[in-house]
Structures are given as structure tokens and as C-alpha cells.
Amino acid sequence: MTRSALLVLADGRFPAGAHAHSGGAEAAVKAGRLGDAADLEAFCRGRLHTTGLTTAALAAAAALGADPHALDEAADARTPSPALRAAARRLGRQMMRAARATWPSRELDRLAAAFPRGAHQPAVLGTAARAAGLGPEDAAHCVAYETVSGPATAAVRLLGLDPFRATAVLARLAPAMDEVAARAAERAAVALREGLDALPAASAPLLDLTAEQHAAWPVRLFAS
């Protein structure tokens with residue numbers, strides 16, 4: 001493992017397509033639930049401990065070498081919104097392109113061949129982490145950071161929010177990100193022994209509902 005590989009994978013400039021997605025922030029802004037830095041912190045904290053934990057555990061399981069078809073089924077079962085499932089596969093395709101160019105590996109090649117229309121993004125991220133020599137908690141850290149940094153970046157664009165205040169929100173969430181990454185990696189290890197049903201299935205129904213509404217908007221700034 002190299003620390004630099006973790007930084008490359010977690011870097012917002014890694015060309016994996018996440019910059020085009022708001023993580024539900026755009027819909028929350030339109031609904032009036034996200035209007036300032038305090039709202040952003042609450043939104044990100046809730047997202048981190050629900051869908052963030054679930055997605056981080058999926059990525060950690062992939063980094064441990066979980067069966068990709070079983071993992072894909074587990075991801076589908078934990079993503080009730082068709083719009084979010086489609087977004088996860090689009091992000092998975094883009095992540096796959098970036099990962100294969102950066103860390104060529106047979107595992108990534110096999111995953112790409114098995115899911116020509118795109119595997120779920122956390123499965124690809126976890127496999128990319130494995131190809132880069134990283135471990136399950138590293139993969140979970142990448143997901144935890146992306147879970148909150150995406151909405152924070154979107155809020156700057158959507159609200160004209162002071163970027164220094166948005167960054168301060170991320171800094172305050174750092175202990176929670178560490179906690180979620182550790183829990184996700186622990187649950188992934190259990191799931192490899194006991195079956196993938198042991199993976200977390202924490203949900204955020206409001207994010208699912210607003211994702212469906214957002215997908216139907218004729219004009220929007222972000223893809224999801």
C-alpha cells in the first residue's frame with residue numbers, strides 16, 4: 001500500500017465523473033432544505049451515516065475480493081431508486097475507465113467484461129483500490145469522503161456558498177468520516193465470512209424520493 005495511491009483515488013480531480021453529481025444536494029436546495037453552511041453540515045452528516053455507510057461497506061467488500069455478481073446484487077438491493085441505480089452504474093463505467101488507465105489489472109478487466117453496461121460504482125472503486133494495493137478501510141475512506149465532498153462542492157455552485165465555509169464543514173465531519181470508514185470495513189470483513197446479507201443496509205428514503213423527482217426535471221445543473 002502507498003499513501004499516494006489513496007490520495008490519487010480520493011482526489012476530486014480523479015476523472016471518475018463524480019463532479020457531475022450533487023449527491024442529492026441540488027434537489028435539497030430546490031426544496032428549501034439546504035440553504036446555508038449549517039444545513040450543508042446536517043445534510044452531509046445524515047448522508048454519511050446512511051447511504052455513505054452502506055456504499056462504503058460495498059466498496060470495502062470489493063476491496064476484500066467479494067464475488068462481483070453477488071456484490072452487484074447486494075448493491076441493487078440497497079439502492080431502491082431506479083434513478084440512483086442508473087447513476088451508480090454510470091459512475092461505475094466512468095470509474096472503470098479511469099481505474100483501468102491508472103492501475104491496469106486483471107481483476108478490473110474481468111469486472112469490466114462481466115458488467116459491460118457498468119457495475120455499481122462502489123464495486124468498481126473497491127476493485128480499483130485493490131488494484132492500487134490499498135485495503136478495505138482505504139476504499140471505505142474514499143467513499144466516505146466522496147459522500148460529503150460531492151454535496152459540499154455542489155452547494156458552493158448552487159448557493160454561491162463561501163468555499164471556505166464549505167471546506168470547514170468537511171473538516172468538522174472528519175471524525176465522523178473516520179468512524180464510518182472503520183465501521184464499513186469491519187462489516188465488510190464480517191460479510192465475507194457470513195455472507196453479503198451482513199453488509200449494512202442503512203437507507204435515506206428522502207434521498208431516494210428526491211432522486212426520482214430530480215431525474216424528471218427538464219433542466220438541471222447536476223446529473224443526480
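Residue numbers start at 1 and run along the sequence shown.
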W103 vs V8, side chain to side chain contact (heavy atoms under 4.5 Å, CB included): CA-CA, chis, key distance, verdict: CA-CA 11 Å; W103 299 290; V8 170; 3.9 Å; yes

Show the nearest heavy-atom pair for residues [X] and [Y], with the distance to one decimal.
X: M95; Y: F14; answer: SD-CE2, 3.8 Å
X: A201; Y: T54; answer: C-OG1, 3.7 Å
X: G23; Y: L207; answer: O-CD2, 4.2 Å
X: P163; Y: V156; answer: CA-CG2, 4.0 Å
X: P116; Y: A113; answer: CD-O, 3.6 Å
X: L199; Y: A57; answer: CD2-O, 3.8 Å

Starting from [Y], can I reach [X] by hopping between I/L/V/M/F/W/Y residues whose side chains sit under 4.5 Å apart?
X: L206; Y: L48; result: no
X: V29; Y: W217; result: no
X: L71; Y: L53; result: no
X: L173; Y: L34; result: yes
X: F43; Y: L209; result: no

Distance from [X] atom [atom1] to [Y] atom [atom2], nearest 0.5 Å?
X: T51; Y: R47; atom1: OG1; atom2: CZ; answer: 4.5 Å
X: H21; Y: E146; atom1: NE2; atom2: CD; answer: 9.5 Å
X: L111; Y: M96; atom1: CG; atom2: CE; answer: 4.0 Å
X: D138; Y: L6; atom1: CG; atom2: CG; answer: 5.0 Å
X: L64; Y: E137; atom1: CG; atom2: CD; answer: 11.0 Å
X: R100; Y: T127; atom1: CZ; atom2: OG1; answer: 12.0 Å

Pairing of R220 and E26 as salt bridge, 4.0 angstrom limit: no

Under 3.5 Å, which donor-acceptor pairs do the side chains of residues 175-198 form with other protein atoms, sequence neighbours left out?
residue, atom, partner, partner atom, Å
R187, NH2, A198, O, 3.2

Derivation and outcome, side chain to side chain contact (heavy atoms under 4.5 Å, CB included), residues T50 and S203: CA-CA 5 Å; T50 53; S203 64; over 6 Å; no

Compile the donor-acceptor pairs under 3.5 Å between side chains in residues 147-154 and protein atoms, sequence neighbours left out, one pair per line.
residue, atom, partner, partner atom, Å
T147, OG1, V143, O, 2.7
S149, OG, Y145, O, 2.9
T153, OG1, S149, O, 2.9

Centroid-centroid distance, H69 to F115, less than 6.0 Å: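 H69 vs F115: aromatic centres under 6.0 Å.
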
Pair up each side-chain donor or acceptor in residues 81-91 with any protein partner under 3.5 Å, not counting sequence neighbours, and list the distances.
residue, atom, partner, partner atom, Å
S81, OG, A83, N, 3.3
S81, OG, L84, N, 3.2
S81, OG, E212, OE2, 2.5
R85, NH1, T79, O, 2.7
R85, NH1, P80, O, 3.2
R89, NH1, D72, OD1, 3.1
R89, NH1, G118, O, 2.8
R89, NH2, D72, OD1, 3.4
R89, NH2, D72, OD2, 2.9
R89, NH2, D76, OD1, 3.4
R89, NH2, D76, OD2, 3.3

Check: L7 main-chain N/O paired with D11 side-chain donor or acceptor under 3.5 Å: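 Looks like no, no N/O pair under 3.5 Å.
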
